[in-house]
2 protein chains.
Amino acid sequence: MYLCTMYSSELIKGTLKTIILNLLKEQGRMYGYEITQRVKELTNSKIQITEGALYPTLHSLEKNGELSTEKEYIGKRVRKYYTLTKQGHNTSKERVNEFADFVNTMRFLLNIETKMNNV
Amino acid sequence: MYLCTMYSSELIKGTLKTIILNLLKEQGRMYGYEITQRVKELTNSKIQITEGALYPTLHSLEKNGELSTEKEYIGKRVRKYYTLTKQGHNTSKERVNEFADFVNTMRFLLNIETKMNNV
DNA sequence: AATAAATACATAAGTATTTTATGTATAATG
DNA sequence: CATTATACATAAAATACTTATGTATTTATT
């Protein structure tokens, strides 16, 4: 067991929506807290989404028609499940493609070799 | 000749310093305007650094001890050349490594295949 | 010769996204 | 019984960028 250093907060900026949209595309429906935990797991704690960033982003995506919600009660505690709308599916694909393209451009620009020693 | 769509401005956020530091590591010394043109060339216009973003960033990097400057006159017009300090060299490496790591994490998270149809 | 475009710097106002902080409340654990 | 984890939310502050504006010289176009 070793300590993972998180990325400097600047790097993650601008990728939050992409991460959320892609996760929802793959996992179907999820609730906010679940998203933070899943991302933490999948990235070995290298990316940790704060709640202050997450919830406003989810609200914004919903307002924009990318996500729809349904509330569910687990005992007395409420959960808000998010699902991609049809538009959200398209946006998800677009965002991931754009990021993939961006990464290629940056790899070229920064002369980064393809490293496979991942996560 | 075809039109290139730029990336949504969110994506580039947080990578500007990395790009500048890496370019200076590879090219030796450069002046501001030159940096914008070089990045535009190298990325086929996909990344265009605006002056409003560039100059404050350069000033900040200089203030932080990453860059040193020397003025030069081309005719009556001034140019401000930037060079990496020793500290700047280290920071440059760190930043590029961090970005490479981040990209690997993101590729895993987003299930992106290694695409080689670059730039 | 006059005008436009490119070169070269700079800064300020506005916007967007995120961090940090705070708040509320329930459920599980030790 | 107290702490930790779960689960939502929002507001203030910080950060990084876009857009707009300003100055001035040099080169290209008409």
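Predicted model, so just to flag it, every value in this text is computed and none were measured. Below, chain A is the first sequence line, B the second, and so on; all start at residue 1.
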Can you measure B:Tyr33 atom OH to C:dA10 atom P for me and round it to whole angstrom units?
15 Å

Please give, in whole Å, the distance from D:dA7 P to A:Gln37 CD?
9 Å

Minimal non-hydrogen separation, B:Met106 against A:Thr15, with atom names
CE-CB, 3.9 Å

When you check the gap from the basic side-chain N to the acidic O, do A:Arg29 and A:Glu70 get nearer than 4.0 Å?
yes

Does a salt bridge link A:Glu34 with A:Arg79, judged by any charged N lying under 4.0 Å from a carboxylate O?
no

Would you say D:dT18 has OP1 or OP2 under 4.0 Å from some side-chain N or O of B:Lys13?
no

Evaluate the criterion salt bridge (charged side-chain N to carboxylate O under 4.0 Å, His left out) for residue pair B:Glu72 and B:Lys80; output intermediate values, then yes/no.
CA-CA 6 Å; B:Glu72 212 166 274; B:Lys80 219 167 145 184; over 6 Å; no

Nearest-nucleotide pick for A:Arg79, side chain only, options being D:dC8, D:dT10, D:dC17
D:dC8

To the nearest angstrom, the CD-C1' distance between B:Glu51 and D:dC17 comes to 15 Å

May I ask you to decide whether B:Glu98 forms a salt bridge with B:Arg95, counting only side-chain N to carboxylate O separations under 4.0 Å?
no

To the nearest angstrom, the CD1-P distance between A:Ile12 and D:dA16 comes to 13 Å

Hey, does the side chain of A:Ser60 reach the backbone of A:Pro56 with a donor-acceptor pair shorter than 3.5 angstrom?
no

Check the phosphate of D:dA7 against A:Tyr31, side-chain N and O only, distance under 4.0 Å to OP1 or OP2. Yes or no?
yes

In whole angstrom, give the distance that lies between atom CZ of B:Arg38 and atom C1' of C:dT7.
17 Å

Rounded interatomic separation in angstrom, taking CE from B:Met30 and C1' from C:dC9
16 Å

So which of residues 58-77 of chain A are in contact with DNA chain D, with a heavy-atom cut-off of under 4.0 Å?
A:His59, A:Arg77

Between P on D:dT18 and OH on B:Tyr55, what's the gap in Å once rounded to a whole number?
15 Å

Whole-Å distance between D:dA5 C1' and A:Glu41 CD?
15 Å

Nearest atoms (heavy-atom pairs only) where A:Leu84 meets A:Leu24
CG-CB, 3.8 Å

